Amino acid sequence: MNQTNGHILILDDDVDVLNAARLLLKQHLGEIDVERNPKYLESLISAHRYDALLLDMNFTGDTSSGEEGFYWLEQIRKLDPDLSVILITAYGDIEKAVRAMKNGAADFIMKPWENEKLVATVTSAVNLTQSRRQVDLLQEQQRHLSSQMDHAYQDMIGQSEQMQRVFRTIEKVAGTDANVLILGENGTGKELVARALHRRSARRDQVFISVDIGAIPESLFESELFGHTQGAFTDARKEKAGRFEVASGGTLFLDEIGNTPLQLQPKLLSALETRSITRVGSTRSQEIDIRLISATNSSVHEMVENQEFRQDLLYRINTIEIKLPALRDRVEDIPLLTKHFLEQFALKYRKDNPKIENEAIKKLTGYHWPGNIRELQHVIERAVILSESDHLTPDDFLLRSQDSGLSGQSIRDLTLSELEKLAVKNALEKHEGNISQAADELGLTRASLYRRIDKYGL
């Protein structure tokens, strides 16, 4: 029989049984641990990811009823529901076998065993555990894929020289596994670039996992990224694969990576350097295979100078940097983007494709667009919904400068920081302090909006 790549634990109070089983099974399995005392079960299962467990039904406190075995079987099922358990006893009978199977045992064997049967039983149990875990991982990947089904990828649009440079960089970099850092203001299309890199890579048929770092509470950071074991903390009712593990084989996109808490950056750096993660509550590391793409609207280089972001982490994530221009710096693309969004929303809302007057185009190209493409998209969508004509005029497009009472010229005189403060202030006033609605209009997460409210003292 060929050797199976599996890690098993044998738990029995009889040293002779442990030695005999280990000598036999080590010829057929990758790694074997033995233990005489069941009280160490929890620490062993937490430290190792066993593929099968051979459990004696009777320890020193109870020599024949098998009740100890049933008790420890229940504990194992709580610690690792996917782990295949084989119960062994010298006093086995059909009734115990049936009860053991009903309680979740994978199989039941008697001592003394037949060598070939023991090897076959353990091998099957190992394969069963590995299959269960593979199914769990695939289901987790499918959940992420399904959640993004309505977030359809769209090719980026732009004829400006700035965007042409971006396109050329994407073509050069996509086929490699180089780590990419995408820089740009909110709403410039950083996730679109990440998806473009993924779709043009050798990993295109694998999963693309997007994580908004700014939306993860600090207390759940490690659990969300690296996963956790059952019981690792109060609400950890079952083990969970983290985003690194789910993304293995595909692409992991860490959006707003500049929001990573400084004290947690070493853990992120370690995972990227070692290409391995350790679930919260476990001491066993596992290898991961990801292509990393990161993005931030923060001035990450200034953050390094201010000791707010680790320089070694920056070196790790930005093998290649792609800087996306703000929409105000690629004005020539606004008519093209406007036409694209008009067609998109006319189809979505079942309207005839509207015509747009030249004066309306002039109004759009003369606006500063602090929210960039995301803001343009919202403005176009609102115009399509509210318009009762097949011709869109300047009055159909409501821009923030109108709401704030500022002229287009005064908007152009503001600094970027002043524009951002104005945009946040207007959104909060418009939605009467409703954070969720204001954040949605600005294209921000609630956490990101709270940071800007604090930054500008609003």
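What you see is a predicted model; the values in this text were computed from it and never measured.
One distance of note links CZ of Arg279 with OG1 of Thr229; it measures 8.0 Å at 0.5 Å rounding. Considering CG of Asp289 and CD of Glu245, their distance stands at 13.0 Å, rounded to 0.5 Å. Between Ile334 atom CD1 and Phe341 atom CZ the span is 11.0 Å, to the nearest 0.5 Å. Separating the CZ atom in Arg203 from the CD1 atom in Ile290 is a distance of 8.0 Å, to the nearest 0.5 Å. Atom CD1 of residue Ile86 and atom CG of residue Leu73 lie 12.0 Å apart, to the nearest 0.5 angstrom. For the atom pair NE2 of His378 and CG of Leu398, the computed distance is 14.5 Å after rounding to the nearest 0.5 Å.
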Worksheet entry | Steps toward side-chain contact (heavy atoms from CB on, under 4.5 Å) verdict (Lys323, Val166) | CA-CA 8 Å; Lys323 180 71 168 69; Val166 170; over 6 Å; no
Practice prompt. Please test Arg316 against Glu273 for side-chain contact (heavy atoms from CB on, under 4.5 Å), starting from the C-alpha separation and ending with a verdict.
Written response: CA-CA 8 Å; Arg316 179 63 59 177; Glu273 287 181 338; 3.3 Å; yes
Worksheet item: side-chain contact (heavy atoms from CB on, under 4.5 Å) between Glu308 and Leu262: does it pass, once the steps are laid out?
Response: CA-CA 6 Å; Glu308 298 171 339; Leu262 187 61; 5.8 Å; no
Discussion item. Working note: Ile170 + Met156, criterion side-chain contact (heavy atoms from CB on, under 4.5 Å); need CA distance, chi angles, decisive distance, verdict.
Written reply: CA-CA 11 Å; Ile170 290 173; Met156 293 172 293; 3.3 Å; yes
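Classified by interplanar angle (parallel below 30°, tilted 30° to 60°, perpendicular above 60°), the ring pair Tyr367/Trp369 is perpendicular.
Applying the ring pair (Phe, Tyr, Trp, His ring centres under 6.0 Å) rule to His228 yields the partners Phe233; only residues at least two apart in sequence or on another chain are considered. Annotation: side-chain hydrogen bond (donor to acceptor under 3.5 Å, both in side chains) contacts of Arg374 (sequence neighbours excluded): none.
Under a 3.5 Å cut-off, the side chain of Gln164 and the backbone N or O of Gly158 do form a donor-acceptor pair. The backbone N or O of Glu222 lies less than 3.5 Å from no partner atom in the side chain of Lys267, so there is not a single donor-acceptor pair. Arg243 contributes no side-chain N or O that, together with a main-chain N or O of Leu225, makes up a donor-acceptor pair within less than 3.5 Å. When atom types are taken as modelled, the side chain of Ser282 and the backbone of Thr278 share no donor-acceptor pair closer than 3.5 angstrom. Formation of a donor-acceptor pair under 3.5 Å by the Lys190 side chain with backbone atoms of Asp255 is not found in this model. Between the side chain of His198 and the backbone N or O of Gln206 there is at least one donor-acceptor pair closer than 3.5 Å. The backbone N or O of Asn186 lies less than 3.5 Å from a partner atom in the side chain of Asn372, making a donor-acceptor pair. In this structure, Arg291 contributes its side chain and Thr176 its backbone to a donor-acceptor pair below 3.5 Å. Not one N or O on the side chain of Glu441 forms a donor-acceptor pair closer than 3.5 Å with the backbone of Ala427. With hydrogens and angles ignored, the 3.5 Å screen pairs a side-chain donor or acceptor of Ser43 with a backbone N or O of Tyr40.
Considering all non-hydrogen atoms of both residues, Ile373 and Thr188 come closest at CD1-O, 3.7 Å. Taking all atoms of both residues into account, the shortest heavy-atom contact from Val126 to Ala52 is CG2-CB, 3.8 Å. For Phe397 against Ile380, the heavy-atom pair with the smallest separation is CE2-CD1, 3.6 Å. For Ala271 against Ile277, the heavy-atom pair with the smallest separation is CB-CG2, 4.0 Å. Closest heavy-atom contact between Arg284 and Ala47: CB-O, 3.0 Å. Across all non-hydrogen atoms, the minimal contact from Ala438 to Leu428 is CB-CD2, 4.0 Å.
Residues Phe244 and Leu252 have side chains in contact (heavy-atom distance under 4.5 Å, counting atoms from C-beta outward). For the pair Met163/Pro325, a side-chain contact is recorded, criterion being any heavy-atom separation below 4.5 Å from C-beta on. Counting heavy atoms from C-beta on, the side chains of Gln75 and Ile45 never come closer than 4.5 Å. Looking only at side-chain heavy atoms (C-beta outward), Asn259 and Arg451 come within less than 4.5 Å of each other. Within the 4.5 Å cutoff, the side chain of Gln162 has heavy atoms near those of the Glu332 side chain. Between Leu44 and Leu9 there is a side-chain heavy-atom pair separated by less than 4.5 Å. Proximity of Ile10 to Leu25: side-chain heavy atoms (C-beta onward) are separated by under 4.5 Å at one or more points. Between Glu35 and Leu18, every side-chain heavy-atom pair lies at or beyond the 4.5 Å cut-off.
Electrostatic pairing of Arg328 and Glu185 counts as a salt bridge here, judged by a charged N lying under 4.0 Å from a carboxylate O. For Glu161 and Arg168, the salt-bridge test passes: some basic side-chain N is under 4.0 Å from an acidic carboxylate O. Salt bridge status for Arg49 with Asp82: absent, with no side-chain N to carboxylate O gap under 4.0 Å. With salt bridges taken as basic N to acidic carboxylate O contacts below 4.0 Å, none links Arg22 and Asp12.
For Tyr315, the OH atom is loosely surrounded, since the number of other residues' heavy atoms within 6.0 Å does not exceed 12. Within a 6.0 Å radius of CD in Gln263, other residues, nucleotides and ligands contribute more than 12 heavy atoms.
Between the side chains of Asp333 and Ser160, a donor-acceptor pair is found at a separation under 3.5 Å. Side-chain contact check for Arg132 and Thr129: no donor-acceptor pair (N or O, by modelled atom type) lies under 3.5 Å.
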